[in-house]
> 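This is the structure I want to talk about, given as structure tokens.
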Protein chains: 2
Amino acid sequence: MNIGDVSQRTGLPAKTIRYYEEIGLVRPLRGENGYRQFRERDVHKLGFLGRARSLGFSIDDCRGLLALYEDEGRASADVRHIAKAHLEKIDGKLAELGAMRATLAHLVEACAGDHRPDCPILADLALEDDKAET
Amino acid sequence: MNIGDVSQRTGLPAKTIRYYEEIGLVRPLRGENGYRQFRERDVHKLGFLGRARSLGFSIDDCRGLLALYEDEGRASADVRHIAKAHLEKIDGKLAELGAMRATLAHLVEACAGDHRPDCPILADLALEDDKAET
DNA sequence: CATAGAGATTCCCGCTACTGGAAGGTCAAG
DNA sequence: CTTGACCTTCCAGTAGCGGGAATCTCTATG
């Protein structure tokens, strides 16, 4: 199967698939003409990668997950460990974004948003921080 | 004032300050010795940038906010527009992360996490989602 | 005066995970 | 034979810096 078909089937851009080969996540065969020849396993692996990436796993996480996936003797604890670590990262990100959102929403609400120059958003950003005011 | 002092006062790494100069966000003077000489306005501007960045505004957003900040005749609506657009981006990310978190938390919970190889996390990632059964 | 060490400078590479584009080879159809 | 869709490689760029080398400059001390 050529890269175009694989792209269609996995939903991954061809560029991305080539990149995954470059960094050793997948190793398709090569035809006489130099074209990449993907086997079912390759396609399957790429699907796996696509789903893992869409859950926010890093490429490095994916590498680990893929290795475990192909290791019949794995311990599910190892997989769970990667997933839990990622979950914690997500939670951290959520907390950070939540805090940003709260501050920003507050400021946006306080801003008249008209033709006048007075703006609480700018005022807040301009704060001299030697007097931290909340 | 030298870059080290500015770094202390703003909390921004010296590297970051040099980078901000490079991309034209701030323009300190230069002394005879080639050292950057920061005026109060520069320091103030960098503090502004630091706070805006910590709220997640992109460098490009910051450029716009800074221009408005320095424009005495600005309309607060323009500032509010940038902030609102950013707020929406944050909401988008929050939704996305929230969905990831839900899926992942569910999988982590379903995984025994012991020595056995059976793992719902891998099973989910490995799902064949082709309509045609293979 | 010499020297040490702190702080400054520029320069270039590296990171994440791709994306875009140029220059060119290959293949099937008309 | 030509067209156009595919495929190939390679180069460059993205955001927002961080690391580290090689090289000044300043200040303090013996």
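To find a chain, count down the sequence lines: A is the first, B the second, and so on, and within it residues start at 1.
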> Could you give the CG-to-C1' distance, from Leu49(B) to dC17(D), as a whole number of Å?
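Leu49(B) atom CG is separated from dC17(D) atom C1' by 14 Å.
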
> Begin with the C-alpha distance, continue with both residues' side-chain angles, and end with the deciding distance and a verdict on salt bridge (charged side-chain N to carboxylate O under 4.0 Å, His left out) for Glu70(B) and Arg41(B).
CA-CA 11 Å; Glu70(B) 299 191 312; Arg41(B) 325 185 336 219; 5.2 Å; no

> How is Arg18(B) classified with respect to the nucleic acid when contacts are heavy atoms under 4.0 Å: base, sugar-phosphate, or nothing?
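If one applies the 4.0 Å heavy-atom cut-off, Arg18(B) turns out to touch a base.
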
> Check this for me, if you would: do Glu40(A) and Arg9(A) make a salt bridge, where the nitrogen-to-carboxylate-oxygen distance has to be below 4.0 angstrom?
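Yes, Glu40(A) and Arg9(A) are salt-bridged.
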
> Taking atom C1' of dT14(D) as reference, at what distance in whole Å does atom CD1 of Ile23(B) sit?
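Interatomic distance, CD1 of Ile23(B) to C1' of dT14(D): 13 Å.
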
> Gln8(A) has an atom CD; how far is it from atom P of dC6(D), in whole Å?
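About 9 Å, once rounded to whole Å.
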
> Map Ile3(A) and Ile59(B) onto DNA chain D by nearest heavy atom, then report which one ends up closer to the 5' terminus.
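Result: Ile3(A).
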
> Name the orientation class of the two ring planes belonging to His86(B) and Phe57(B) (parallel below 30°, tilted from 30 to 60°, perpendicular beyond 60°).
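His86(B) and Phe57(B): tilted rings.
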
> Without decimals, in angstroms, what is the distance between Glu22(B) CD and dC13(C) P?
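For the pair Glu22(B) CD and dC13(C) P, the rounded distance is 14 Å.
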
> Report the distance from atom CD1 of Ile17(B) to atom CD1 of Ile3(B), rounding to the nearest 0.5 Å.
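Going from CD1 on Ile17(B) over to CD1 on Ile3(B), the span is 5.0 Å.
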
> Can you say whether a donor on the side chain of Lys15(B) sits under 3.5 Å from an acceptor on the base of dG20(D), or the other way round?
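Such a pair exists between side chain and base.
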
> Return the polar atom pairs (N/O with N/O) between nucleotides 22-24 of chain D and the protein under 3.5 Å, or none.
none

> Provide, to the nearest angstrom, the distance between the CD1 atom belonging to Ile17(B) and the P atom belonging to dG18(D).
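For the pair Ile17(B) CD1 and dG18(D) P, the rounded distance is 11 Å.
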
> Would you kindly give the CG-to-C1' distance between Asp5(A) and dC6(D), to the nearest whole Å?
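My rounded result for the distance is 10 Å.
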
> May I ask you to evaluate whether Thr16(A) reaches the phosphate of dT19(C), defined as a side-chain N or O under 4.0 Å from OP1 or OP2?
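It does, given that an N or O in the side chain of Thr16(A) lies less than 4.0 Å from OP1 or OP2 of dT19(C).
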
> Between Arg36(A) and dC6(D), does any side-chain N or O lie under 4.0 Å from OP1 or OP2?
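Answer no for this pair, as no side-chain N or O of Arg36(A) is under 4.0 Å from OP1 or OP2.
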
> Scan side-chain atoms only and decide if Asp118(B) and Ser76(A) contain a donor-acceptor pair under the 3.5 Å cut-off.
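Looking only at side-chain atoms, Ser76(A) and Asp118(B) do not form any donor-acceptor pair under 3.5 Å.
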
> Expressed as a whole number of angstroms, how long is the span from Asp60(A):CG to dC18(C):C1'?
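Answer to the nearest Å: 16 Å.
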
> In sequence, state the C-alpha distance, the side-chain angles, and the governing distance for Leu25(B) and Arg63(B), and then conclude on side chain to side chain contact (heavy atoms under 4.5 Å, CB included).
CA-CA 7 Å; Leu25(B) 284 177; Arg63(B) 213 183 287 278; 3.9 Å; yes

> Atom CG of Leu46(B) and atom C1' of dC17(D): how far apart are they, to the nearest Å?
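Taking atom C1' of dC17(D) as the reference, CG of Leu46(B) is at 15 Å.
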
> Could Asp124(A) and Arg51(B) be called an ion pair, given the rule that one side-chain N must be under 4.0 Å from one carboxylate O?
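Answer for the salt bridge query: no.
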
> With a cut-off of less than 4.0 Å, is there a side-chain N or O of Tyr19(B) near OP1 or OP2 of dG18(D)?
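Negative; the distance criterion is not met.
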
